[in-house]
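This report concerns only the one structure given below.
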Amino acid sequence: MSVTYIDAIHDAQKDLLTEDRDVFLYGQDIGVFGGAFKATKGLKELFPDRVIDAPSVRTPWPAW
């Protein structure tokens, strides 16, 4: 049986979230969207208080 890289990442994150209440995930579009490569797909539903979407900044950085 072969496991894809993304599946291995997903499973590792799920295992850690299950085993340790101090673990959380925080990033852009990782919650509802499941991440750019879907490595966090479904984790928001299983761990709603510990898989957190970071707000995206829509304003440009000021010129220095």
Side-chain angles (χ1 to χ4, degrees):
M1 178 178 118
S2 66
V3 177
T4 66
Y5 191 66
I6 295 299
D7 288 340
I9 291 171
H10 179 273
D11 292 347
Q13 293 175 128
K14 184 178 177 183
D15 289 347
L16 287 170
L17 286 162
T18 301
E19 294 170 8
D20 188 345
R21 294 273 316 151
D22 292 331
V23 172
F24 68 94
L25 302 177
Y26 180 78
Q28 287 186 342
D29 296 327
I30 68 163
V32 176
F33 184 67
F37 298 101
K38 303 301 183 207
T40 57
K41 186 175 182 178
L43 296 179
K44 176 73 175 172
E45 290 76 26
L46 294 173
F47 310 96
D49 58 332
R50 295 187 292 137
V51 178
I52 304 162
D53 278 317
S56 59
V57 178
R58 300 289 183 206
T59 58
W61 289 93
W64 299 100

State the CG-CG distance between Leu25 and Leu43, to the nearest 0.5 angstrom.
-> 6.5 Å
Can you name the side chain to side chain contact (heavy atoms under 4.5 Å, CB included) partners of Leu16, sequence neighbours left out?
-> Val23
Between Lys14 and Leu46, which heavy-atom pair has the shortest distance, and what is it?
-> CE-CD1, 3.8 Å
For Ala54, side chain to side chain contact (heavy atoms under 4.5 Å, CB included) partners two or more places apart | Tyr26, Gln28
Common cluster, Phe24/Val51, ILVMFWY with side-chain heavy-atom separation under 4.5 Å | no
For Asp7, all residues meeting side chain to side chain contact (heavy atoms under 4.5 Å, CB included), sequence neighbours excluded | Val3, Thr4
Between the OG1 atom in Thr18 and the CD atom in Gln13, the distance rounded to the nearest 0.5 Å is 11.5 Å
Rounded to the nearest 0.5 Å, what separation is found between the CZ atom of Phe37 and the CD1 atom of Ile6?
-> 6.5 Å
Among all residues two or more places apart in sequence or in another chain, which pass the side chain to side chain contact (heavy atoms under 4.5 Å, CB included) test with Asp53?
-> Ile30, Val32
Do any pairs count as a salt bridge (charged side-chain N to carboxylate O under 4.0 Å, His left out) and have a residue in residues 21-43, sequence neighbours left out, and if so which ones?
-> Arg21-Asp49
Would you mind listing the cluster partners of Ile9? Hydrophobic ones only (ILVMFWY), side-chain contacts under 4.5 Å, chaining allowed.
-> Tyr5
